[in-house]
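In listed order, ligands and their atoms are each counted from 1. From a predicted model like this one, the values you see are computed outputs, not experimental measurements.
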Amino acid sequence: MAETIGAADIADNVAYLAYLAAALSAAVAAAALWLLERRRRVRDRRRYRERLAALESTVQAGTARILRRRELTRAILEISTTLLREHSLSIVLDRLLAATLENFGFSAGAFYLRSSPGEHFVRAAIAGLPRSHTEALLGQPVDPMTFDQILSPEFRVRETYYYVPGERAAELGFPVGLRRFPELADVPRSRSGAWQERDVIAFPFFDRHGRITGLLVPDDPVERRFPNDEVIRAIEMFAALASVAVENARLATQRETATRQMAEVLRVSGELLAEERLDDLLLAILRAALRTFDLAGGEIALLDQARDVFVRRAALGRVVSEPIGAEIDPATVQRRLAAERRTAEGYYETSDALTFPFPDAAGRIIGFLAPELPHGSGPIARETARTMQIYANFAGLAVARAEVRGLEIRRLRELEEIAQMKSDFVSTVSHELRTPLTSIKGFISILIHRRGAMSAEQRGEALRIVDSEANRLIRLVDDLLAAARLERGAFHVELRSTPVNAVVQRAVTAVAMEYPARRFVVCPGGDGLASHTDPDHALRIVTNLLTNAAKYSPEGGEIVVNVGGDGDQVTIEVVDAGPGIPRDERERIFERFVRLDDQVRSNAGTGLGLYISRQLAKAVGGTLTLEESGAPGSRFRLTLRAAESGLGS
Ligand code: ADP
């Protein structure tokens, strides 16, 4: 049976094989699936890990950036605080520069500043150089050409950032500035993005008018790489901070200067009150003005009103060729005070001088203060000009004060004189009244009580004396009344054609009677010589002149009266050979109550005669003067208007 294989057996085997094959393929498929699944998982895990790593590094980079930003913010905050606290510009700039270099990885750098747009830049802060170099370079001006080139549109990346590539810097022949360090000589810098040895980046900053006042120039990056944009932006901010510092410092300096100047002005105003003499005061003002502005010399000149020229009254500093009191060349003054030289501030500016005028109350320039400026010092600041003008005005005040004081002193003197005159007057008048009254009273008593014992001749003589003394009293009272009327302006004047020779003759006759021991010589004017005057007043004046001549000249002395006329004037001169009148009393004797000392005691009088005479002469349109006599004695001249029909002499 074994040798025969039945159909059933075959069928069984085939089925079994089929089953096996099926089972096998199922197993293979399952294995393949499992493998596939496993592979996917591995890949996913790897991807996941990769993503995780990427995420991690992103987070790390972000954190670093945040940390860096925090650092920067801290640095900026710190600098800002320094800015607020620290007044010294150089300290602020040093800190700012150090922070810039430290935060952005530069090993050297500098700040350059200039005080105004036209001026040179000066090295204001330097970092990264040996101390000895720094000291030599600080404060030194730099070649302006270089900066003009750096700040040209060619290199302008944007407003706050200029970049000059090394090759261009070399072509332009920029001087080897701060950045040349021997130890960097062999560092290769040709790769793109690398820092070239001569590369320049400059960050300008601006004042409030938008003018460039400074430059921040960092140099020699530690990593020899050109800073990325983020760093550039941050440095720009540091440059902006520097501009704030500079403006701050400028304001502080201005404030300080203004305070110092005001203190000085106040001190001088104190001096103004203390100093008595005008010239001392002007010198003090000039000295203070010059000291306030650190100037070596200058002058103050005042207008001499009488001569209409300016005169030097205070000078300091320069080797003064003309002394104090010297006249200043009018051409110089005219040039300095020419209208077109006037500035908006009110002072005058020429190429070689500044002139600060001061006016009087009416606005006329009565003086000026002219400081001497050092050569090439340029225009002065407006504040300085203003303060200078204050000093000039002080000088104006000083002059006004001196004038007021002068007036006060004169007034005081006048008051003193008037007081003195009044007391003199009282004693003179009492004396003048008493003398004739005593004499009248004496003779009247004698006439009453001893009439019988007197001869007719004696009685006649006594009565003549009484009459004469009574006349003297009447004249005195008359004079007093006349003076009082003249004072009040209540004086009657009646002008008419008056024969002059006749008036003179009447006066001579009257006075000659009173002074029989004097010789009167009359040289009359032409016949018909007439004056348009008040005859009573004319008579009174001539009588008074003749009385004085008789009173004050020695017995036997000749008294000459010259009468003359020249068309519209008539003159009457009374010349005596007496003691004369001292030159400096010539005007004074025409004042009320003035009597010359030596005559007060020896001659009767009130000091009213000449006063009344001159006032009367004026009232009739004439003059009364004391002339140079050419000989001992006095020569009074009365000038009157000629009458229209007058013939002249
Ligand atoms: P009085 O004669 O009353 O003193 P006057 O006013 O007439 O006053 O004169 C003022 C003064 O001037 C006199 O006191 C005298 O000192 C002086 N004086 C006037 N005339 C003469 C003269 N002819 N010679 C000298 N001195 C004179």
With a cut-off of 4.0 Å, which atoms of ligand 1 are near a heavy atom of [X]?
X	answer
K551	1 (P), 2 (O), 3 (O)
I589	12 (O)
D576	22 (C), 23 (N), 24 (N)
S634	22 (C), 23 (N), 24 (N), 25 (C)
V594	10 (C), 11 (C)
G609	5 (P), 6 (O), 7 (O), 8 (O)
L608	6 (O), 8 (O)

* **Residues Q505 and N501: side-chain donor-acceptor under 3.5 angstrom** => no
* OG/S445 to CD1/I440 distance, rounded to the nearest 0.5 angstrom? -> 11.5 Å
With the threshold set at 4.0 Å, does a side-chain nitrogen-carboxylate oxygen contact exist between [X] and [Y]?
X	Y	result
E487	R592	yes
D329	R336	no
R588	E591	no
E627	R637	yes

* Structure fact -> With sequence neighbours left out, the residues meeting side-chain hydrogen bond (donor to acceptor under 3.5 Å, both in side chains) with R386 are none
* To do: Heavy-atom distances under 4.0 Å are what count here, so tell me which part of T547 touches ligand 1: side chain, backbone, both or neither.
  => neither
* Asked: Which is it for L545 and ligand 1 at heavy atoms under 4.0 Å: side chain, backbone, both or neither?
  -> neither
If you measure every N/O of [X] against every N/O of ligand 1, is any gap under 3.5 Å?
X	result
F636	no
Y611	no
N544	no
G607	yes
L596	yes

* Asked: Would you say R260 has more than 12 foreign heavy atoms packed within less than 6.0 Å of its CZ?
  -> yes
* Tell me whether the guanidinium CZ or amine NZ of R614 lies under 6.0 angstrom from the six-membered ring centre of F590 and within 45° of its axis. => yes
